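Here's the structure we're looking at; comments come further down.
These values consider heavy atoms only, across backbone and side chains, with no hydrogens, waters or symmetry-generated copies. Positions are given from 1, in the same order as the sequence printed here. Not measured: the values here are computed from a predicted model. Order of listing sets the numbers, starting from 1, for every ligand and every atom in it.
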Amino acid sequence: MTDTIAPAQPVDLLSKFDPIIQTREQLLAAGVEDPFNLVMEQVLSPTRAVCNGRDTILLGTYNYMGMTFDPDVIAAGKAAMEDFGAGTTGSRVLNGTFRDHRDVEAALRDFYDMDHAMVFSTGYQANLGIISTLAGKGDYIILDIDSHASIYDGCAMGKAEVVPFKHNDVEALEKRLKRIPEGAGKLVVLEGVYSMMGDVAPLREMVRIAKENGAMVLVDEAHSMGFIGEHGRGVAEEQGVLDDVDFIIGTFSKSVGTVGGFCVSNHPKFEVLRLVCRPYVFTAALPPSVMASSAASIRKLMHGGNKRAHLWENSRTLHQGLRDLGFKLGTETPQSAIIAVIMPDLEKGAMMWEALLKEGLYVNLARPPATPAGMTLLRCSLCAEHSAEQVQTILGMFERAGKAIGII
Ligand SMILES: Cc1ncc(COP(=O)(O)O)c(C=O)c1O
């Protein structure tokens with residue numbers, strides 16, 4: 001005889017997401033296309049793709065330096081795939097370190113002129129791993145309140161006390177630092193460019209204050225690597241404090257044009273992190289093709305001065321043009337390759353997003369909790385491969401869509 005099981009009614013663990021489901025349903029019920037479900041049917045270049053059957057200008061990728069279609073980057077990846085196969089099937093500390101993992105770390109050391117480089121499977125994992133491993137129980141992490149989710153998740157994974165301070169506020173950082181008990185381990189975590197508004201951190205002052213108060217400093221340069229600074233090393237380079245930063249975090253998923261994350265440092269004990277950093281140890285290493293493409297891209301970015309200059313030109317033109325049209329922008333001046341256009345609310349933002357898509361322009365729709373102060377944003381991220389004509393075309397599209405939706 002078999003026992004019959006009378007299942008108890010489970011508590012639905014997904015019911016906590018009901019408000020999100022409702023907001024989404026309301027949005028779609030208004031007939032707006034789902035802004036979080038767009039498919040690129042074909043990618044034609046770093047700045048153009050076919051979306052919904054239409055040739056679309058891409059103004060919402062992180063392909064700042066346009067390296068995704070660079071012939072050398074593609075050729076390096078193809079050759080490594082032929083020679084080493086499709087994947088590594090193992091952790092970096094076991095069978096997952098191939099020639100190209102070593103080579104990309106060498107490329108990073110050269111790029112930053114630093115002693116050590118450690119590559120992770122994503123930038124998310126780099127923050128998760130480095131932050132949680134550096135700052136543990138009894139230590140303090142002092143971070144900008146608008147920090148990226150991967151920074152917060154790194155804090156949650158380690159067990160340090162987390163002390164947020166007001167966004168980009170130098171005095172608030174100093175006040176927080178002064179309240180931390182004498183002798184405690186302190187890690188100040190900053191970003192070069194904040195990805196939602198595209199604004200830059202006052203790293204010169206912040207790094208000085210952190211050092212005066214006995215803290216180590218980590219700067220996430222995800223959105224500045226490759227573009228900002230004379231050699232593209234980021235905001236820390238631009239503001240002359242790179243030598244005082246203890247750890248730089250970065251990603252390959254933006255200017256490098258591939259996927260992967262990294263940390264570079266001059267700390268003499270840095271290499272021990274390879275043995276103790278769980279998001280490095282307990283996951284498979286990236287495919288060699290990705291590593292070879294990344295190394296080729298990083299080496300080319302070292303000589304990307306002309307591209308950087310053109311990208312600045314694009315950023316200035318778009319910023320000025322959108323202002324002149326009457327749009328409200330996230331920053332007074334162009335500070336990076338990201339220009340955030342502030343929308344009155346989510347509904348208008350989604351309508352504007354869709355109107356732009358119909359015009360043949362893709363931008364990112366960003367909304368809380370990813371954005372600061374509950375804002376809905378249309379985030380424009382420029383590419384060094386956008387031509388001056390494309391930027392003018394983009395401005396025309398914004399003008400028509402903005403007038404049709406009633407935003408300008
Ligand atoms: C500031 C910042 N750090 C880290 C990451 C994570 O990078 P990845 O895409 O490589 O996981 C991002 C990605 O959006 C980011 O904006």
Side-chain angles (χ1 to χ4, degrees), residues 36 60-65 67-68 92 101 104-105 108 117-132 134 141 143-157 164 167-168 187-201 203 206 217-228 233-236 245 247-264 277 279-280 283-287 290-291 293-295 297-298 301 330 335-340 363-367 369-372 377 379-383:
F36 306 111
T61 76
Y62 296 126
N63 200 359
Y64 301 125
M65 296 294 279
M67 300 307 281
T68 48
R92 286 294 305 275
H101 296 82
V104 79
E105 287 174 344
L108 281 168
M118 187 170 163
V119 166
F120 291 76
S121 297
T122 62
Y124 178 88
Q125 278 164 283
N127 270 330
L128 204 63
I130 295 292
I131 294 172
S132 65
L134 287 175
I141 297 170
L143 50 64
D144 188 292
I145 196 148
D146 287 350
S147 291
H148 189 257
S150 56
I151 292 175
Y152 275 105
D153 292 355
C155 294
M157 191 173 154
H167 177 56
N168 270 353
L187 180 67
V188 169
V189 178
L190 306 166
E191 292 179 34
V193 170
Y194 286 85
S195 65
M196 286 298 137
M197 304 299 266
D199 55 334
V200 158
L203 287 188
M206 287 185 159
V217 180
L218 177 151
V219 179
D220 180 337
E221 296 269 20
H223 293 273
S224 32
M225 183 216 181
F227 173 35
I228 295 183
R233 291 173 188 157
V235 178
V245 173
F247 307 96
I248 296 276
I249 295 282
T251 174
F252 296 162
S253 72
K254 309 199 192 298
S255 285
V256 177
T258 62
V259 67
F262 64 87
C263 180
V264 291
C277 180
Y280 178 83
T283 195
L286 284 165
V290 174
M291 297 292 83
S293 286
S294 307
S297 178
I298 291 163
L301 288 176
Q335 298 187 12
S336 67
I338 301 167
I339 296 169
V363 296
N364 281 154
L365 178 67
R367 63 181 180 91
T371 52
L377 305 172
R379 282 167 62 240
C380 306
S381 18
L382 285 149
C383 174

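- A337 pairs by the side-chain contact (heavy atoms from CB on, under 4.5 Å) definition with Y64, F227, L311, not counting sequence neighbours.
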N/O pairs closer than 3.5 Å, ligand 1 and protein:
unit_1   : atom_1 : unit_2 : atom_2 : d
ligand 1 : 3 (N)  : D220   : OD2    : 2.6
ligand 1 : 9 (O)  : S253   : OG     : 2.9
ligand 1 : 10 (O) : G123   : N      : 2.7
ligand 1 : 10 (O) : T251   : OG1    : 2.6
ligand 1 : 10 (O) : S253   : OG     : 3.4
ligand 1 : 11 (O) : G123   : N      : 3.3
ligand 1 : 11 (O) : Y124   : N      : 2.9
ligand 1 : 14 (O) : H148   : NE2    : 3.4
ligand 1 : 14 (O) : K254   : NZ     : 2.9
ligand 1 : 16 (O) : H223   : NE2    : 2.7

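- For the residue pair D153 / Y124, a side-chain donor-acceptor distance below 3.5 Å is found, with atom types taken as modelled.
- The distance from the NE2 atom of H167 to the CE atom of M196 is 12.0 Å, given to the nearest 0.5 Å.
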Distance-only criterion, 3.5 Å: show the donor-acceptor pairs between side-chain atoms of residues 125-132 and protein atoms not counting sequence neighbours.
unit_1 : atom_1 : unit_2 : atom_2 : d
Q125   : OE1    : T122   : OG1    : 3.1
N127   : ND2    : S150   : OG     : 3.0
N127   : ND2    : D220   : OD2    : 2.9
S132   : OG     : L128   : O      : 2.6
S132   : OG     : G129   : O      : 3.3

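- Not a single side-chain hydrogen bond (donor to acceptor under 3.5 Å, both in side chains) links S293 to another residue, sequence neighbours left out.
- Interatomic distance, CD1 of I249 versus NE2 of H148, reported as 12.5 Å (0.5 Å rounding).
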